[in-house]
Amino acid sequence: KYLSTFIKTLYSTSMIFYSCVLYIICEVPLNETLAHLKTESETLKSKLEEERAKLHDVELHQVAEKVEGLGQFVMKTRRTLKGHGNKVLCMDWCKDKRRIVSSSQDGKVIVWDAFTTNKEHAVTMPCTWVMACAYAPSGCAVACGGLDNKCSVYPLSLDKNENLAAKKKSVAMHTNYLSACSFTNSDMQILTSSGDGTCALWDVESGQLLQSFHGHAADVLCLDLAPSETGNTFVSGGCDKKANVWDMRSGQCIQSFETHESDINSVRYYPSGDAFASGSDDATCRLYDLRADREVAIYSKDSIIFGVSSVDFSLSGRLLFGGYNDYTINVWDVLKGTRVSILFGHENRVSTLRVSPDGTAFCTGSWDHTLRIWA
Amino acid sequence: MTINTLAKGGCHREQMACFRKMEKVIVAMQDPDMGMKMRNQRLLITVIPHAMTGHDIIAWLTHKYRISEEESLHLGNMLVKYGYIYPLKEPRCLVLRPDESPYRFQVRPLSMSILPTFYNPAIYLAKKNIRKQGELMEYEKERYSLLHKRINHTWDFVVMQAREQLRASKQRRKADRIVLECQEQAYWLINRPPIKYECIEHIKGSSSCLCLQIEACRKALGRNRVKSSICLEGFLKYSEQYLNHDPIMQGCLPSNPWISDDTAHWTMNAEIVPVPTRLRVERWSFSFMELLNDAMGRREFMTYLEKEFSAENLYFWQACEDIRHGESSKIVEKVEDIYKNFLAPGAARWVNIDSKTMDKTLEGIKRPHRFVMDDAQMHIYFLMKKDSYPRYLKSDLYKNMLAKAIVPQETKKSVFPFMRRQRHSSPSPAQTATQAAEEEGLAKGAGANSAAGSHF
């Protein structure tokens with residue numbers, strides 16, 4: 001008996017010694033390579049900043065001095081949509097300019113006619129925290145997903161008795177939660193972003209993965225498709241504070257911006273497609289120009305302390321709306337960089353904000369269980 | 001903010017960013033010169049020292065940040081909600097009242113319970129430093145400087161908290177004070193938390209990640225950039241051009257449906273109308289993409305091209321779009337159709353592509369995939385954009401359209417403003433699609449050949 005315990009202790013101490021030796025042997029060169037790579041990365045980054053700065057001859061607000069200032073802004077809640085039993089996490093507009101789909105923490109996805117405030121369809125997902133939902137361009141289906149790591153498409157049936165869940169189609173599969181999803185120009189393809197650090201493009205019909213996008217070092221929280229002529233790029237933002245622009249065809253990251261100080265919760269293209277805005281936990285929104293390849297504006301104020309959850313532009317791109325975690329909506333003059341208005345109304349944080357397709361109003365969803373239409 | 005951290009409820013980056021900013025506000029409020037004027041506040045019969053009124057807080061915030069009173073009230077409420085300031089009247093109700101209610105700065109706010117690892121020992125050492133006027137023990141000095149480096153950004157807050165705690169302790173009885181001091185000293189002697197180099201923010205650092213970053217930087221260094229002045233002018237131009245089309249900026253005619261409950265604006269701007277609105281027709285002239293994205297605009301353009309005998313370009317472009325965005329299973333079939341109709345020698349709608357692109361496309365057709373038509377499609381797109389589109393805008397067809405277009409009358413405000421209009425529902429897109437599919441099914445059943453009508 002003493003022999004066995006003696007052998008055991010001898011074994012364990014030798015294992016510790018062995019692993020220590022191994023640790024010491026491997027640790028040194030690994031650290032050296034890492035340090036070397038780090039310095040190389042840092043030098044290249046500063047070189048890149050130098051290059052970018054060379055062509056930066058003027059600031060946006062300076063160029064905008066000749067533009068007329070905006071007057072008083074009066075926007076009110078025109079509709080309040082009540083019906084969710086828990087925090088509203090995401091919403092999207094239908095192309096018909098009046099219908100919306102919204103998803104919440106309790107697993108419910110509801111399609112509303114926001115104009116009449118009637119609920120038209122409701123689906124209960126098998127998971128909670130449905131963080132992403134999207135309306136199909138045809139208006140005939142919705143996509144949603146969240147903690148189930150999947151993105152599912154539900155065709156919208158007009159038969160009130162039919163259970164929408166019956167026709168559900170599982171399209172995307174990630175290894176962590178789904179943070180955002182969006183249909184591309186048709187009902188046939190979906191773009192998703194996930195907590196597993198990747199984005200992916202899927203074929204709806206077959207569920208096949210068409211392309212995957214790797215490059216973020218942490219959870220990807222948001223994405224937006226470019227409205228450009230060639231329609232081949234999209235931007236994503238993540239917890240690694242980076243906003244990446246991707247080529248959908250090749251899967252390559254073609255541009256990257258890292259100026260935020262915290263997680264990027266929302267990205268949205270400027271209507272012309274030449275720039276995009278981002279909203280982050282560092283309480284700022286920023287505008288990045290794709291041709292100049294740099295950040296060109298920061299929208300922030302000392303009195304704004306809480307993070308931005310969601311951003312969107314008005315139709316002309318002159319206004320930027322931001323939904324904040326302190327329950328408010330701040331309206332920014334994109335060109336002059338000033339805050340035009342602050343809107344109160346929600347009783348908990350604003351989690352999602354989208355302008356309607358024809359720009360007549362915008363919709364916000366909040367943790368106070370409601371959605372509001374503002375105009 | 002990610003769901004992982006939300007679900008666990010632990011300390012995370014989002015809260016750190018918020019706390020840092022709130023702490024800045026609190027530090028500013030406590031500034032001896034520019035901060036709040038603290039005085040003795042009366043609570044019933046007791047006099048509370050070193051307190052402030054709700055009214056003063058709001059006035060100070062309004063002045064300092066140049067915001068409205070409503071916003072100051074909101075901001076102040078957040079400070080109370082997160083425990084940086086607490087009410088003396090009704091301490092359970094964490095609300096900022098814009099009146100003479102007394103408030104005080106919290107000595108141990110929420111941030112400290114969430115991030116105890118660094119704050120508490122830092123505050124302890126800072127207190128000792130202040131009391132002993134810099135005479136700390138060797139190991140304490142080391143620890144102090146390490147902590148200072150580690151949480152440098154909130155050091156003001158740490159010092160402020162230390163001062164507050166010292167002030168609060170002065171009001172205790174001597175016996176209690178001595179006991180508490182001894183307790184604290186003993187605690188920190190034993191509980192020396194290790195300071196790891198890896199902090200929550202620097203988790204990335206794996207070599208593969210760095211390699212990717214280096215690769216991306218190298219590529220980025222080689223790209224062409226445009227001068228800022230040119231790019232930024234672009235924003236000005238765009239905003240100006242679309243100003244009249246932005247309902248939130250300029251309103252819309254006859255009225256914004258969400259405000260007036262009248263859907264006339266949507267009816268007038270439906271996908272296909274007998275006469276389009278003037279703004280809509282004007283928009284077709286902003287860019288080629290605007291024209292193609294509008295179903296009516298595209299129809300008009302097609303009519304024009306047919307007159308010019310170059311309609312095959314637009315048909316070709318539409319067919320290519322259909323491949324790019326359509327079902328994967330139909331790609332092969334569609335590519336074949338395109339070849340037969342547009343590319344094969346002697347095809348009915350032969351398109352004029354340069355030989356290099358044609359060769360490349362024909363080669364690619366042998367192994368058809370979603371993007372096989374991309375080059376040819378781009379070529380034809382730019383051909384239309386540079387040639388046919390500008391001529392269309394100068395044509396009589398367009399000018400007549402513009403002249404015919406209606407400018408809706410602005411709806412006069414209702415005589416009875418309290419009467420709410422009835423909000424009518426509209427047919428769901430799903431319904432119209434099902435009906436269309438049914439009709440198409442019937443037509444197909446009858447043997448008729450339905451035109452390539454994909455929804456754009």
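As a basis for the values below, the full set of heavy atoms in this structure was taken, side chains included, without hydrogen atoms, waters or symmetry mates.
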Contact part of A/Pro137 toward chain B, heavy-atom cut-off under 4.5 Å: side chain, backbone, both or neither?
neither

Do A/Arg294 and B/Ser228 have a side chain donor and acceptor closer than 3.5 Å?
no

Can you check whether A/Gly359's main-chain N or O pairs, donor with acceptor, with B/His245's side chain at less than 3.5 Å?
no

Could you measure the distance from the CD1 atom of B/Ile67 to the OG atom of A/Ser303? Nearest 0.5 Å is fine.
4.5 Å

Taking ring-ring contact (aromatic ring centres under 6.0 Å, His included) as the definition, give me every residue that meets it alongside A/His56, ordered by chain and number, with sequence neighbours left out.
none

Answer key: most heavy-atom pairs under 4.5 Å with chain A among B/His265, B/Glu70, B/Arg218, B/Gln250 is B/Glu70

Tell me whether A/Asp57 contacts the main-chain N or O of B/Ser229 through its side chain, where contact means a donor paired with an acceptor under 3.5 Å.
yes

Under 4.5 Å heavy-atom distance to chain B, tell me which part of A/Leu60 shows up: side chain, backbone, both or neither.
both

Check the orientation of B/Trp266 and A/Phe115. Use parallel for under 30°, tilted for 30 to 60°, and perpendicular for over 60°.
perpendicular

Working to the nearest 0.5 angstrom, can you tell me the gap between A/Arg318 CZ and B/Leu236 CG?
8.0 Å

Taking only residues two or more places apart in sequence, or in another chain, which ones meet B/Tyr238 in a ring-ring contact (aromatic ring centres under 6.0 Å, His included)?
A/Tyr270, B/Tyr242

Could you tell me which portion of A/Arg79 (side chain, backbone, both or neither) has an atom closer than 4.5 angstrom to a non-hydrogen atom of chain B?
side chain

Contacting moiety of A/Leu44, where chain B heavy atoms sit under 4.5 Å
both

Can a salt bridge be assigned to the pair A/Arg339 and B/Glu71 using a cut-off of 4.0 Å between side-chain N and carboxylate O?
yes

Is a side-chain donor or acceptor of B/Lys21 paired with a backbone partner of A/Asp282 at a separation under 3.5 angstrom?
yes

So, the part of A/Leu290 with a heavy atom under 4.5 Å from chain B: the answer is backbone

Between B/His74, B/Lys219, B/Met249, which shows the greatest number of heavy-atom pairs under 4.5 Å with chain A?
B/His74

Quiz question: by atom type and distance under 3.5 Å, do the side chains of A/Gln208 and B/Ser328 form a donor-acceptor pair?
no

As an exercise: rank B/Asn244, B/Asn256, B/Leu243, B/Asn224 by heavy-atom pairs under 4.5 Å with chain A and give me the winner.
B/Asn256

How many angstroms lie between atom CD of A/Gln189 and atom NE2 of B/His325, to the nearest 0.5 angstrom?
7.5 Å

Please check if the side chain of B/Arg223 supplies one atom and the backbone of A/Ile254 the other of a donor-acceptor pair under 3.5 Å.
yes

Is it the side chain or the backbone of A/Phe321 that comes within 4.5 Å of chain B heavy atoms, both, or neither?
side chain

Is chain B contacted by the side chain of A/Ile305, its backbone, both, or neither, given a heavy-atom distance below 4.5 Å?
both

Side chain, backbone, both or neither: which part of A/Asp302 has a non-hydrogen atom closer than 4.5 Å to chain B?
both

